[in-house]
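Before any comments, here is the structure.
Note on naming: letters A, B, ... go to the chains in the order of the sequence lines (proteins, then strands), and numbering restarts at 1 for each one.
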Protein chains: 2
Amino acid sequence: MDIKQTYSISELAKEFDVTTRSIRFYEDQELLRPTRRGQTRIFSSKDRVRLKLILRGKRMGFSLAETKELFDLWDETLSGNEKQLLKMLTILENKRAQLEQQKNDIAQAEMEMDTAEARCREALAELQKKKKQQAPAKEEARQTAEN
Amino acid sequence: MDIKQTYSISELAKEFDVTTRSIRFYEDQELLRPTRRGQTRIFSSKDRVRLKLILRGKRMGFSLAETKELFDLWDETLSGNEKQLLKMLTILENKRAQLEQQKNDIAQAEMEMDTAEARCREALAELQKKKKQQAPAKEEARQTAEN
DNA sequence: GATAAAGTTTACGTAAACGTAAAGTAGTTT
DNA sequence: AAACTACTTTACGTTTACGTAAACTTTATC
């Protein structure tokens, strides 16, 4: 259970560090469905969760359209017709495959960053050696200054 | 060592399943630097590697501009000036943090998919029970038909 | 030597995801 | 009541990452 039941647009904007413009845009695209008090939008904690999901989706490289598709599908799924349930299961399988791909990509990237970092450090070590050869007399002064 | 040293634009397009338009666009944005034989582009295996990195970057949600930045920085780094080396090391740290974030996001997503799948299966089981109650006489026929 | 196949440049078009004014409303603080 | 603050709608502008069409050149094939 969340602490609050409802949120203003600026509360959500501040909490998740997005502009109100973005939030309104998400509503426009039907990813959020706030109610109204007069003109003013009132966001439920369900909306809040969805916003969180939207942003995570973005970090993972999902488009708003993809995220909306998932939301819609999940809503249909809740209505509990068998066909929808089965469809949802296969979609979930697809998404899992996507996540596997991403995990591979990340692992690859990490490996390459390891070797990149190693090369950097080697190159730095090389430079240090050259420095020493150029000015071996100042060795003591530099050592103490560095600490 | 790669099998081939050079590649045509359509070879790369086919191998990585992108359009030639995209590849030319990447050249235009200076992410690839093919040489020419007359007018025709000739891609080196270095270009091929870069194309692979570009596409992986995209899957990971990186913009072309970000990827280009990394390419440029790495090129500068190879020239081996100390400042560049240190800068590269801090950039690598930042990227690692990004990857950590992504791994968290993925883990979260996987958990939520687990519970989503569980709910689907429960709902399906419910539907099966109701079916049985509605038509218990046809039980045998259905069982064999399903296999 | 015609013709198709693959490549090229130039340039306008488009979808996504907002940014950014402009101008108005609703509540509330002084 | 004037001013401030937060919110609203409308609507045009912008960036990214290409798609798509037109018109042309080069290379391979019949």
task = Give a yes or no on whether a salt bridge exists between B:Lys103 and B:Glu100, defined as a side-chain N under 4.0 angstrom from a carboxylate O.
result = yes
Sequence-distant partners of B:Thr19, side-chain hydrogen bond (donor to acceptor under 3.5 Å, both in side chains), two or more places apart = B:Ser22
request  = Give a yes or no on whether a salt bridge exists between A:Lys52 and B:Glu112, defined as a side-chain N under 4.0 angstrom from a carboxylate O.
outcome  = no
Partner residues of A:Lys68 under the salt bridge (charged side-chain N to carboxylate O under 4.0 Å, His left out) criterion, sequence neighbours left out = A:Glu30, A:Asp72
request  = Output all residues satisfying salt bridge (charged side-chain N to carboxylate O under 4.0 Å, His left out) with B:Arg96, sequence neighbours left out; order by chain, then residue number.
outcome  = A:Asp114, A:Glu117, B:Glu93
remark   = When rounded to whole Å, the CG to P distance for the pair B:Leu12 and C:dA6 reads 16 Å
request  = Output all residues satisfying salt bridge (charged side-chain N to carboxylate O under 4.0 Å, His left out) with B:Arg59, sequence neighbours left out; order by chain, then residue number.
outcome  = A:Asp105
request  = Could you encode protein contacts along nucleotides 14-21 of chain C as a string, one character per nucleotide from 5' to 3', using B for base contact, S for sugar-phosphate-only contact and - for no contact, with a heavy-atom cut-off of under 4.0 Å?
outcome  = ---BBBB-
query = Is the closest basic N to carboxylate O distance between A:Glu76 and A:Lys87 below 4.0 Å?
reply = no
task = Check whether more than 12 heavy atoms from other residues, nucleotides or ligands sit under 6.0 Å from atom CD of B:Gln29, and answer yes or no.
result = yes
message = Could you tell me how far apart B:Ile54 (CD1) and D:dT16 (P) are, to the nearest whole angstrom?
response = 16 Å
query = How would nucleotides 4-9 of chain D be written as a contact map, 5' to 3', with B for base contact, S for sugar-phosphate-only contact and - for no contact, using protein heavy atoms under 4.0 Å?
reply = ---SBB
